Amino acid sequence: MGNKKVLLGMSGGVDSSVSALLLKEQGYEVIGATLELFTNKNSCGNTTEQDAKKLCNTMNISHDTYDYKDLFKKHVIDDFIHCYANCKTPNPCIECNKYMKFGVMWEKAKELGCNYIATGHYAKTEYSEEYKRWVLKKSKAGKKDQSYVLWNIPKELLEHIVFPLADFEEKEEIRKIAREKHLKVANKPDSEDICFIPDGNYKRFLENNSAIQPKEGNIRTTKGEVLGKHKGLYHYTIGQRKGLGISYRVPLFVLGFNKEKNEVIVGEEKELYKSEVLVTDVNLLLVDEIKQWMKVMVKTRYSSKEAEAKIIQEENKIKVVFKEPQRAITPGQSAVFYVGDMVLGGGKID
């Protein structure tokens with residue numbers, strides 16, 4: 001097996017394009033792969049695939065597109081719908097990374113005789129002498145670091161993953177390289193939305209693609225007072241204050257849901273804070289199990305700050321006890337545990 005042969009996931013964006021350049025400079029034999037994951041009805045022609053193909057041609061890199069729409073629907077879109085149907089707020093990028101970019105793409109890489117796969121994520125893998133294993137670490141990109149969405153990669157895969165952008169601090173550095181090398185995608189805007197919902201309207205997506213439909217119910221306080229009607233549970237998220245259409249003597253926020261009674265539960269801001277949470281679907285990268293209380297830093301959303309906590313494993317769940325109560329912890333989102341700049345592991349908030 002060619003030791004330096006790598007399958008690079010290419011979206012046609014600037015990050016994966018510069019990753020191709022960097023890998024070639026580092027002596028890798030690069031094969032470009034674009035995963036076709038969903039049908040974009042709003043797009044006239046697939047610019048993702050076209051941009052990636054053109055770029056590979058200019059670099060003399062072979063490129064193929066692989067149709068994984070069925071698997072993407074099964075693992076990512078159906079999970080997205082299932083979460084909202086059960087009053088949870090999903091993060092589809094995390095499922096996509098597990099099953100697609102670091103699942104089927106790795107299978108494809110092995111088929112092609114590659115020893116590595118690479119993506120344009122801002123994260124880092126390296127061998128840790130302290131832990132005697134390959135570890136996933138934060139990149140140098142600060143707020144743009146993406147280690148949070150990579151916690152559920154299989155740990156045995158870490159030694160086969162290359163993140164060429166690990167040591168860049170600013171996106172502008174990536175764009176500068178692209179401009180210097182005359183790459184046409186140098187100024188292509190970042191994609192911020194959920195890829196399969198390009199207009200960002202997830203409520204309409206759910207109504208058009210699932211059995212989830214507007215169904216009125218009560219908005220009720222934790223004390224039992226009914227304050228008004230809601231438009232369907234999937235319209236609301238924990239911590240939401242605006243758009244509730246109710247008035248009360250103090251500001252009220254969404255605290256949670258009663259699915260059986262089709263009710264949105266609201267309360268005061270102080271009721272949004274929690275000191276403990278249980279995490280399921282656990283994937284540990286740094287250790288094999290956590291038998292004793294362990295101090296870590298925890299992120300409960302991609303954009304949230306890390307919070308101090310201690311964790312312990314209880315069968316196949318992890319109990320998290322925060323040093324300071326945390327606001328608006330949301331079932332369905334991921335809790336990711338850090339030891340320094342290393343990802344210990346993570347799981348889904350129950």
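These figures come from a predicted structure and were not determined experimentally.
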Trainee: Spell out, as yes or no, whether a donor-acceptor pair under 3.5 Å connects the side chain of Tyr122 to the backbone of Lys138.
Mentor: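 Side chain of Tyr122 to backbone of Lys138, a donor-acceptor pair under 3.5 Å: no, none is there.
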
Trainee: Is it the case that one hydrophobic cluster holds both Ile329 and Val298, taking links as side-chain heavy atoms less than 4.5 Å apart, direct or via other members?
Mentor: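 As far as the 4.5 Å side-chain criterion goes, Val298 and Ile329 are connected within one cluster.
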
Trainee: Can any side-chain N or O of Thr89 pair as donor or acceptor with the backbone N or O of Gly332 at less than 3.5 Å?
Mentor: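 No; judged by distance alone, with no hydrogens or angles, the pair does not exist.
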
Trainee: Would you say the side chains of Thr34 and Glu49 form a donor-acceptor pair under 3.5 Å?
Mentor: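 No, because no side-chain N or O of Thr34 sits under 3.5 Å from a partner of the opposite role on Glu49.
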
Trainee: Please find the pair of heavy atoms, one from Gly347 and one from Trp151, that lie closest to each other, and give the distance.
Mentor: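 Nearest heavy atoms, Gly347 then Trp151: CA-CH2, 3.5 Å.
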
Trainee: Tell me, yes or no, whether the heavy-atom count around Gln292 atom CD, taken from other residues, nucleotides or ligands under 6.0 Å, exceeds 12.
Mentor: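 No.
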
Trainee: Could you walk me through whether Asp167 and Lys124 pass salt bridge (Lys or Arg N to Asp or Glu O under 4.0 Å), step by step?
Mentor: CA-CA 8 Å; Asp167 294 324; Lys124 187 169 191 166; 3.1 Å; yes

Trainee: What pair of heavy atoms forms the shortest contact from Val185 to Ser17, and how long is it?
Mentor: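 Smallest interatomic distance, heavy atoms only, reads CG2-OG, 3.4 Å.
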
Trainee: Which residue pairs pass the side chain to side chain donor-acceptor pair (under 3.5 Å) test with at least one member in residues 236-250, sequence neighbours excluded?
Mentor: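 The answer is Glu225-Tyr248.
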
Trainee: Relative to each other, are the rings of His75 and Tyr99 parallel, tilted or perpendicular (30° and 60° limits)?
Mentor: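 Correct class here is parallel.
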
Trainee: Does the Thr125 side chain pair with the main chain of Leu136, one donor and one acceptor, at a distance under 3.5 Å?
Mentor: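 Here the side-chain-to-backbone pair does not exist.
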
Trainee: Minimum heavy-atom separation for Met294 and Ile290, please, with both atom names.
Mentor: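 Taking every non-hydrogen atom into account, CB-CG2, 4.0 Å.
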
Trainee: Not counting sequence neighbours, which residues clear salt bridge (Lys or Arg N to Asp or Glu O under 4.0 Å) with Lys188? List them please.
Mentor: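 With sequence neighbours excluded, Lys188 shows a salt bridge (Lys or Arg N to Asp or Glu O under 4.0 Å) to Asp51, given in chain and number order.
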
Trainee: For salt bridge (Lys or Arg N to Asp or Glu O under 4.0 Å), just list the numbers for Asp199 and Arg204, CA-CA rounded to whole Å, side-chain angles, deciding distance to a tenth of an Å, and then say yes or no.
Mentor: CA-CA 10 Å; Asp199 66 355; Arg204 186 165 63 209; 2.3 Å; yes

Trainee: Does any N or O in the side chain of Gln333 come within less than 3.5 Å of the main-chain N or O of Thr330, such that one atom is a donor and the other an acceptor?
Mentor: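 No: the side chain of Gln333 does not pair with the backbone of Thr330.
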
Trainee: Report yes if the distance between the aromatic ring centroids of Tyr234 and Tyr202 is under 6.0 Å, otherwise no.
Mentor: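 Tyr234 vs Tyr202: aromatic centres not under 6.0 Å.
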
Trainee: Name the orientation class of the two ring planes belonging to Phe196 and Phe72 (parallel below 30°, tilted from 30 to 60°, perpendicular beyond 60°).
Mentor: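 Ring orientation of Phe196 relative to Phe72: perpendicular.
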
Trainee: With a 4.0 Å cut-off, would you call Lys171 and Asp15 a salt bridge?
Mentor: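 Between Asp15 and Lys171 there is a salt bridge, with a charged N closer than 4.0 Å to a carboxylate O.
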
Trainee: List the atom of Val18, the atom of Ala178, and the distance in Å for their closest heavy-atom pair.
Mentor: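 Smallest heavy-atom distance, with atoms named: CG2-CB, 3.9 Å.
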
Trainee: For the residue pair Ile212 and Ala85, what are the closest heavy atoms and their distance?
Mentor: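 What the structure gives for the nearest pair is CD1-N, 3.7 Å.
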
Trainee: Is it the case that the side chain of Glu36 and the backbone of Asp67 share a donor-acceptor pair, with hydrogens and angles ignored and the cut-off at 3.5 Å?
Mentor: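 The answer is no, because no donor-acceptor pair under 3.5 Å joins these two groups.
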
Trainee: Glu324: which residues meet the salt bridge (Lys or Arg N to Asp or Glu O under 4.0 Å) condition with it, sequence neighbours left out?
Mentor: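 By the salt bridge (Lys or Arg N to Asp or Glu O under 4.0 Å) rule, Glu324 matches no residue at all.
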
Trainee: Any heavy-atom pair between the side chains of Val279 and Val320 that's under 4.5 Å?
Mentor: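 Contact flag for Val320/Val279 side chains = yes.
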
Trainee: Please check: side-chain N/O of Glu306 versus main-chain N/O of Lys299, any donor-acceptor pairing under 3.5 Å?
Mentor: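 Such a contact is absent between Glu306 side chain and Lys299 backbone.
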
Trainee: Below 4.0 angstrom, N of the basic side chain to O of the carboxylate: do Glu216 and Lys229 qualify?
Mentor: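 No, this pair does not count.
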
Trainee: Apply the test salt bridge (Lys or Arg N to Asp or Glu O under 4.0 Å) to residues Glu180 and Lys176: give CA-CA distance (whole Å), side-chain angles for both, the deciding distance (0.1 Å), then the verdict.
Mentor: CA-CA 6 Å; Glu180 284 167 0; Lys176 186 167 175 267; 3.3 Å; yes

Trainee: Tell me whether the count of non-hydrogen atoms from other residues, nucleotides or ligands lying under 6.0 Å of NZ in Lys24 goes above 12.
Mentor: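 Correct, the count exceeds 12.
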
Trainee: Sequence neighbours left out, what passes salt bridge (Lys or Arg N to Asp or Glu O under 4.0 Å) with Arg175? Give chain and number order.
Mentor: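 Result, salt bridge (Lys or Arg N to Asp or Glu O under 4.0 Å) vs Arg175: Asp190.
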
Trainee: Is it true that Arg133 and Asp288 make a salt bridge, defined as a side-chain N closer than 4.0 Å to a carboxylate O?
Mentor: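 Yes, Arg133 and Asp288 are salt-bridged.
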
Trainee: Asn86 and Lys259: side-chain donor and acceptor closer than 3.5 Å?
Mentor: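 Yes - a donor-acceptor pair under 3.5 Å links their side chains.
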
Trainee: Can you confirm whether more than 12 heavy atoms, excluding those of Lys132, are under 6.0 Å from its NZ atom?
Mentor: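 Check passes, neighbour count above 12.
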
Trainee: Between Asn209 and Phe205, is there a donor-acceptor pair closer than 3.5 Å when you use the side chain of the first and the backbone of the second?
Mentor: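 A pair under 3.5 Å: yes.
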
Trainee: Excluding sequence neighbours, so at least two apart, what forms ring-ring contact (aromatic ring centres under 6.0 Å, His included) with Phe163?
Mentor: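 Residues passing ring-ring contact (aromatic ring centres under 6.0 Å, His included) with Phe163: none at all.
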
Trainee: Looking at every non-hydrogen atom in both residues, tell me the closest pair between Ala52 and Met10 and how far apart they are.
Mentor: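 Minimum heavy-atom contact is CB-CB, 4.0 Å.
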
Trainee: Sorted by first residue and then second, give each salt bridge (charged side-chain N to carboxylate O under 4.0 Å, His left out) pair with at least one member in residues 313-323; sequence neighbours left out.
Mentor: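 Every pair satisfying salt bridge (charged side-chain N to carboxylate O under 4.0 Å, His left out) with a residue in residues 313-323: Glu276-Lys319, Glu308-Lys323, Lys317-Asp350.
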
Trainee: In terms of ring plane angle, is the pair Tyr116 and His160 parallel, tilted or perpendicular, where the classes change at 30° and 60°?
Mentor: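 The rings of Tyr116 and His160 sit tilted, inter-plane angle from 30° to 60°.
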
Trainee: Donor-acceptor check, side chain of Glu173 to backbone of Glu169, threshold 3.5 angstrom: yes or no?
Mentor: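 Answer holds: yes.
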
Trainee: Using the ring of Tyr148 (Phe, Tyr or Trp, six-membered ring only), decide whether Arg301 places NZ or CZ under 6.0 Å from its centre and within 45 degrees of its axis.
Mentor: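 Cation-pi check for Arg301 and Tyr148: fails.
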
Trainee: Salt bridge between Lys101 and Glu95, side-chain N to carboxylate O under 4.0 Å?
Mentor: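 No salt bridge links Lys101 with Glu95.
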
Trainee: Spell out, as yes or no, whether a donor-acceptor pair under 3.5 Å connects the side chain of His121 to the backbone of Leu150.
Mentor: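 Here the side-chain-to-backbone pair does not exist.
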
Trainee: Would you find more than 12 non-hydrogen atoms of other residues, nucleotides or ligands less than 6.0 Å from Lys69 atom NZ?
Mentor: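 For Lys69, atom NZ is crowded (more than 12 foreign heavy atoms under 6.0 Å).
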
Trainee: Give a yes or no on whether the backbone of Pro154 and the side-chain of Asn283 come within a donor-acceptor separation of less than 3.5 Å.
Mentor: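 Answer holds: no.
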
